[in-house]
Amino acid sequence: MRGVRWRRTVSQAGRSVTVWVVSTLTMLVLAGILPDFRLQSPDGDSATTIAVTAAVGAGVFGVLSALVWPLLVRLLLLVPALVLGLLVFFLNGSLLLLALRLNPSGQSEAAPETAVIVAAVMSAVASATGGALAVRDDDAYRRRLYRLADRRRRGGPLCPATPGTVFLQFDGVGHDVLVAAVGKGLMPTVARWLGDDARDGGSGRGRRPSHRLTPWRTDWSSQTGASQLGILHGSNHDVPAFRWYEKDSGEVMVCNRPTSAAELQRRAVERTGDGGLLAADGASRGNLFSGGADEQALVLSIAARRRSRETRSRAGYFAYFSDPANAVRTALSFVAEVVREIIQSTRARLRGERPWVGRGGLYPFVRAFATVVERDVVVAAVMGDMLAGRTAVYADLVAYDEVAHHSGPLGRDTEQVLGRLDRALALIEKVAEHAPRPYRIVVLSDHGQSPGETFRARYGLTLGDLVRAGCGLPVPRKAERTHSGAEARAAVRAALRRPVEEGGDRHRPSGRRPEPIVLASGNLGLISFPDVAHRMSKEEIDARHPALLTTLANHPGIGFLLVRSEKYGGVVLGAYGAEIPLDRLDEDPGPLAAFGPGAADAVRRTHSFPHTADIMVNSFHDPADGEVLAFEEQIGSHGGLGGAQAGPFLLSPLALSAPVEDEAELTGAEHVHRVLRRWLRESNGPQVPLETAPEEHAA
C-alpha cells in the first residue's frame with residue numbers, strides 16, 4: 001500500500017514539475033513576442049537570469065492560481081454569473097501581475113492588458129499539458145474531475161452500492177433528428193449505445209446495443225415548460241402553452257419567467273401530493289423546475305428568490321469557474337462561438353437562405369452562453385453529483401434548441417451542436433467509470449422542432465394583426481416582431497438577475513372593451529378577452545365580433561381553432577365552415593386529420609384546463625414536409641401540433657425495463673414521469689414517496 005502511495009506521489013510530482021517547466025517556456029516565448037512583457041532589466045540580463053526569473057514567475061503564478069482563485073470565485077458568487085465569466089480574464093491577469101511583483105529578481109513587468117493575454121495563454125497551456133499527462137492515469141483523471149465538480153457532499157454518508165440514475169435532457173432534439181445524426185456519424189457515443197447496426201443499416205455486424213431508443217408523443221403544448229413540469233413533477237395540468245393569460249389573476253404566465261415557474265411547480269406539487277421525481281437524494285441542474293431535488297443549481301423556479309436559496313442555485317457556476325484554466329478555456333470558447341455565429345449568419349444571409357430570421361443584436365452572445373457556458377457548467381455539476389454518489393440527477397442542455405430556433409432544426413449549424421452534445425455525453429459516461437457507485441444514463445428530449453418560415457414572413461402580418469382585422473380594429477401598417485420563447489434567453493437573464501417579464505400590467509382590463517390579448521407559443525396562438533371573467537363561448541364571440549372566428553378559420557396560415565361551445569361543450573373549427581364537436585373527432589377529425597394520430601386526445605385534454613384561452617389557434621401544417629408557421633420569430637419552432645415538434649425520444653439502458661409494452665405508445669409527459677419513477681424503483685435506491693400506485697396517482 002505504501003508503495004502504491006509512493007508511486008502515486010512521485011507521478012503527481014512529476015506531472016507538476018512538467019507543467020511548471022512548460023509554463024516557464026511559455027512565459028519565455030511570450031516575453032520574446034509581446035513588446036509590453038519583459039523578464040529582464042532595461043540594461044539586459046544573462047540568459048540564466050532571465051530563465052530563473054521566468055521559472056520563479058511561472059511557479060508563483062501557479063501557486064496563486066491554486067490558492068487564491070477559488071477564494072476569489074467564492075467571494076464573487078453574489079456577482080451575476082455571466083459577469084463572473086467575463087471577469088475571468090481580468091482576475092487571471094491580476095494574479096499574473098501579482099506574481100511578477102512577488103518575483104525576487106524584480107526584473108519582470110507587464111502592461112495590464114498584456115498581463116491578461118499572458119495569463120490566459122499560460123493557464124490554457126498548463127491545463128492542456130496537465131490533461132495530456134493524466135490521460136492514462138485513472139487516479140489523476142478522477143482528481144481532475146473532482147476539481148471541476150461540485151463537492152458539497154464531501155464527508156457525507158457512505159455511498160450505497162445500488163445503481164444511481166442520470167437523466168440527461170437534450171432540449172429540443174427530436175427522435176427523427178437523433179436517428180439522422182446517428183446515421184451520419186455525428187453522434188458516435190449514441191451510435192455505440194444503439195449498436196453499430198444503427199449506422200450500417202442493420203447488417204448484423206455491429207456490436208450489441210446497450211440502450212433502446214423509444215419515441216414518445218408530447219401533449220398539445222409541445223414545449224419545455226409543459227414537458228419538463230410533467231416529467232419532473234408528474235403533472236402538467238393547466239399548462240396550455242408556453243405563455244398564456246389567466247383571467248382570475250389578470251396576469252400573463254410565462255414558463256421561463258422565474259415567478260411563473262415557481263407558481264407552476266407549486267401547483268404541480270399540490271396536485272400530485274409529492275415533491276417530484278428527484279425528492280429522494282436527487283439533484284436538479286439547469287432545469288426550469290426542481291423536481292423536488294435537495295441539490296439545485298441553475299434552476300429557474302428558484303432564481304427569483306433573493307435569499308440563500310438563490311445563491312445556492314447560482315453556486316453551480318463555482319464548480320467550473322473555480323479552476324482558472326478551465327474558466328479561461330470556457331471564456332475562449334465563448335468568444336469563438338460568438339465569432340462562429342457571426343460567420344454562419346453572414347454566410348446564410350449572403351447565400352439568400354430561406355427561411356430566415358434575424359440573428360443580430362445580442363443573439364450571438366445568447367447562443368454562445370447556451371452552447372458553451374451553460375453546457376460546461378451543467379456538465380461539471382452532473383460530474384460532481386455522480387462522483388458524490390447521488391441517487392438521481394436530472395440535467396437539461398439547451399444548446400440545440402437555441403440554435404435550431406434561429407438556424408432551423410436541420411443543417412450544418414445544428415449538426416455541429418449535436419456533435420458537441422455527444423462529446424458531453426461521452427465525458428459523462430467516462431465519469432461513471434470513476435463514480436463510487438454504478439450509474440445508468442438515460443438520455444431524453446422534451447420535444448422536437450418543426451421547420452418552416454414564420455407566419456409574419458409568409459403573410460406580412462402577425463397573428464395579432466389578423467385578430468385585430470377580424471375584430472374590426474385598426475391594423476398597423478408594419479407588423480411588429482413577436483418575442484421568442486427560447487429557454488436559453490431565460491438562462492441568460494437569470495444569470496444576469498434580470499428575470500423575464502412580459503409586461504403583465506399592460507394586459508389588465510381598462511374600459512368596457514379592451515383589446516383582445518394575443519400570445520404566441522411557437523405555432524400555437526392564444527386569444528383572450530380580458531374584460532370577460534369566464535372563458536367565452538363561440539356564441540358569445542360571434543355576438544361580439546361576428547367576423548373574427550370566420551376570418552381566423554379560413555386564413556390559409558391557420559390549421560384549426562378550439563373554442564368552447566354552449567351547444568356541444570367544445571368544438572374544433574376549420575376552413576369552409578368546418579365545425580366538429582370534440583366528442584365526434586374520432587369519427588370525423590375534420591381539420592385535425594393533417595395533424596396525425598393523438599391530435600384529438602391532445603385537443604380534448606387542453607379543452608379541460610381551467611386557463612385555456614377563449615380561442616386556441618394552431619397554425620397550418622404540411623404533412624408532406626413537416627412544415628409549420630410559427631407565430632414567433634423562429635424558423636425552427638415548437639409549442640403546438642404539427643410535424644416533428646411532437647416527437648421527442650427516450651434513450652434508456654437495456655438493464656431497465658422497457659418503457660412501454662410492444663406496440664404501445666408512450667404519450668404525454670406525465671406518462672414519461674411514471675416510467676422514470678418505475679426505473680428509480682427498479683434500482684432499489686431511496687424512493688419518492690407514493691401514496692397510491694403511479695398509474696392511479698397520475699390519472
Side-chain angles (χ1 to χ4, degrees), residues 170-184 186 213-224 226-227 241-242 348 353-357 400-415 417-418 445-459 463 484-486 520-525 555-560 574-575 589 591-603 617-650 665-667:
F170 285 179
D171 204 303
V173 179
H175 175 269
D176 293 345
V177 168
L178 185 78
V179 171
V182 169
K184 294 179 180 179
L186 300 174
L213 182 63
T214 307
W216 66 279
R217 191 170 64 237
T218 67
D219 305 289
W220 188 359
S221 182
S222 55
Q223 47 87 20
T224 303
S227 292
F242 178 81
E353 295 181 1
R354 292 292 183 271
W356 167 269
V357 292
Y400 173 87
D401 189 68
E402 177 62 31
V403 176
H405 278 314
H406 295 79
S407 301
L410 304 172
R412 183 178 178 182
D413 294 10
T414 49
E415 287 180 350
V417 176
L418 290 170
S445 58
D446 48 347
H447 55 80
Q449 288 217 20
S450 297
E453 62 182 327
T454 68
F455 188 87
R456 171 179 172 268
R458 177 167 293 189
Y459 300 109
L463 178 62
S484 172
S521 178
N523 74 317
L524 177 64
H555 191 279
I558 303 298
F560 67 90
L592 291 186
F595 294 87
D601 290 337
V603 170
V617 184
N618 204 99
S619 86
F620 158 85
H621 164 58
D622 185 352
D625 56 14
E627 181 187 49
V628 299
L629 302 176
F631 299 124
E632 299 182 88
E633 290 300 298
Q634 300 171 347
I635 59 175
S637 67
H638 56 89
L641 289 174
Q645 62 183 316
F649 71 89
L650 180 60
E665 287 188 322
L666 184 56
T667 302

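Keep in mind the model is a prediction, meaning the values are calculated, not measured. Numbers for residues simply follow the sequence, beginning at 1.
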Item checked: Those residues that, when tested against Phe455, pass ring-ring contact (aromatic ring centres under 6.0 Å, His included) (two or more places apart) -> Tyr459, His555, Phe631
Next item on the list: Look only at the side chain of Asp219 and the backbone of Ser221, and say whether a donor-acceptor pair between them is shorter than 3.5 Å.
Entry: no
Notebook entry, point to check: Any side-chain heavy atom of Leu213 within less than 4.5 Å of one from His175?
Noted result: yes
Item checked: Pairing residues for Phe649 by the ring-ring contact (aromatic ring centres under 6.0 Å, His included) criterion, not counting sequence neighbours -> none
Notebook entry, point to check: Do Arg456 and Glu633 meet the salt-bridge criterion of a basic N to acidic O distance under 4.0 Å?
Noted result: yes
Next item on the list: Output all residues satisfying side chain to side chain donor-acceptor pair (under 3.5 Å) with Ser619, sequence neighbours left out; order by chain, then residue number.
Entry: Asn523
Note to self: Applying side chain to side chain donor-acceptor pair (under 3.5 Å), can you list everything that pairs with Glu665, at least two apart in sequence or on another chain?
What the structure shows: Arg217
Next item on the list: State whether the side chain of Glu632 and the backbone N or O of Gly522 hold a donor-acceptor pair below 3.5 Å, judged by distance alone.
Entry: yes
Checklist line | Pairwise side-chain contact, Gln449 with Asp401, heavy-atom cut-off 4.5 Å (strictly under) | finding: yes
Next item on the list: Could you tell me which residues satisfy side chain to side chain contact (heavy atoms under 4.5 Å, CB included) with Arg412, sequence neighbours excluded, listed by chain and number?
Entry: Arg347, Gln416
Next item on the list: For Ser450, check side chain to side chain donor-acceptor pair (under 3.5 Å) against everything at least two apart and list the hits.
Entry: none
Checklist line | Pairing residues for Tyr400 by the ring-ring contact (aromatic ring centres under 6.0 Å, His included) criterion, not counting sequence neighbours | finding: none
Next item on the list: Decide side-chain contact (heavy atoms from CB on, under 4.5 Å) for Phe620 and Glu627; before the verdict, give the C-alpha distance in whole Å, the side-chain angles of both, and the deciding distance to 0.1 Å.
Entry: CA-CA 8 Å; Phe620 158 85; Glu627 181 187 49; 4.1 Å; yes
Item checked: For Asn618, side chain to side chain donor-acceptor pair (under 3.5 Å) partners two or more places apart -> Trp220
Notebook entry, point to check: What pairs with Pro597 under side chain to side chain contact (heavy atoms under 4.5 Å, CB included), at least two apart in sequence or on another chain?
Noted result: none
Next item on the list: Please name the pair of heavy atoms, one in Val628 and one in Leu641, separated by the smallest distance, quoted to 0.1 Å.
Entry: CG1-O, 4.3 Å
Next item on the list: Report the residues that fulfil side chain to side chain contact (heavy atoms under 4.5 Å, CB included) with Ala630, sequence neighbours left out, ordered by chain and then residue number.
Entry: Ser637
Check: Which atoms form the tightest heavy-atom contact between Glu415 and Leu186, and what is the distance?
Finding: CG-CD1, 3.5 Å
Next item on the list: Please answer whether the main-chain N or O of Leu524 pairs with a side-chain N or O of Ser521 as donor and acceptor at a distance below 3.5 Å.
Entry: no
Note to self: Tell me every residue that passes side chain to side chain contact (heavy atoms under 4.5 Å, CB included) with Thr218, counting only those two or more places apart in sequence or in another chain.
What the structure shows: Trp216, Ser222, Ser227, His447, Ala646, Pro648
Check: Just how far is it from atom CD of Gln223 to atom CG of Asp171, taken to the nearest 0.5 Å?
Finding: 10.0 Å
Checklist line | Contacts of type salt bridge (charged side-chain N to carboxylate O under 4.0 Å, His left out), residue Asp601, not counting sequence neighbours | finding: Arg604
Check: Is a donor on one side and an acceptor on the other found under 3.5 Å between the side chain of His406 and the backbone of Ile635?
Finding: no
Check: Short question: side chain of Gln645, backbone of Gly640 - any donor-acceptor pair under 3.5 Å?
Finding: yes
Check: For Ser407 and Asp413, which heavy atoms make the closest approach, and how far apart are they?
Finding: OG-OD2, 3.0 Å
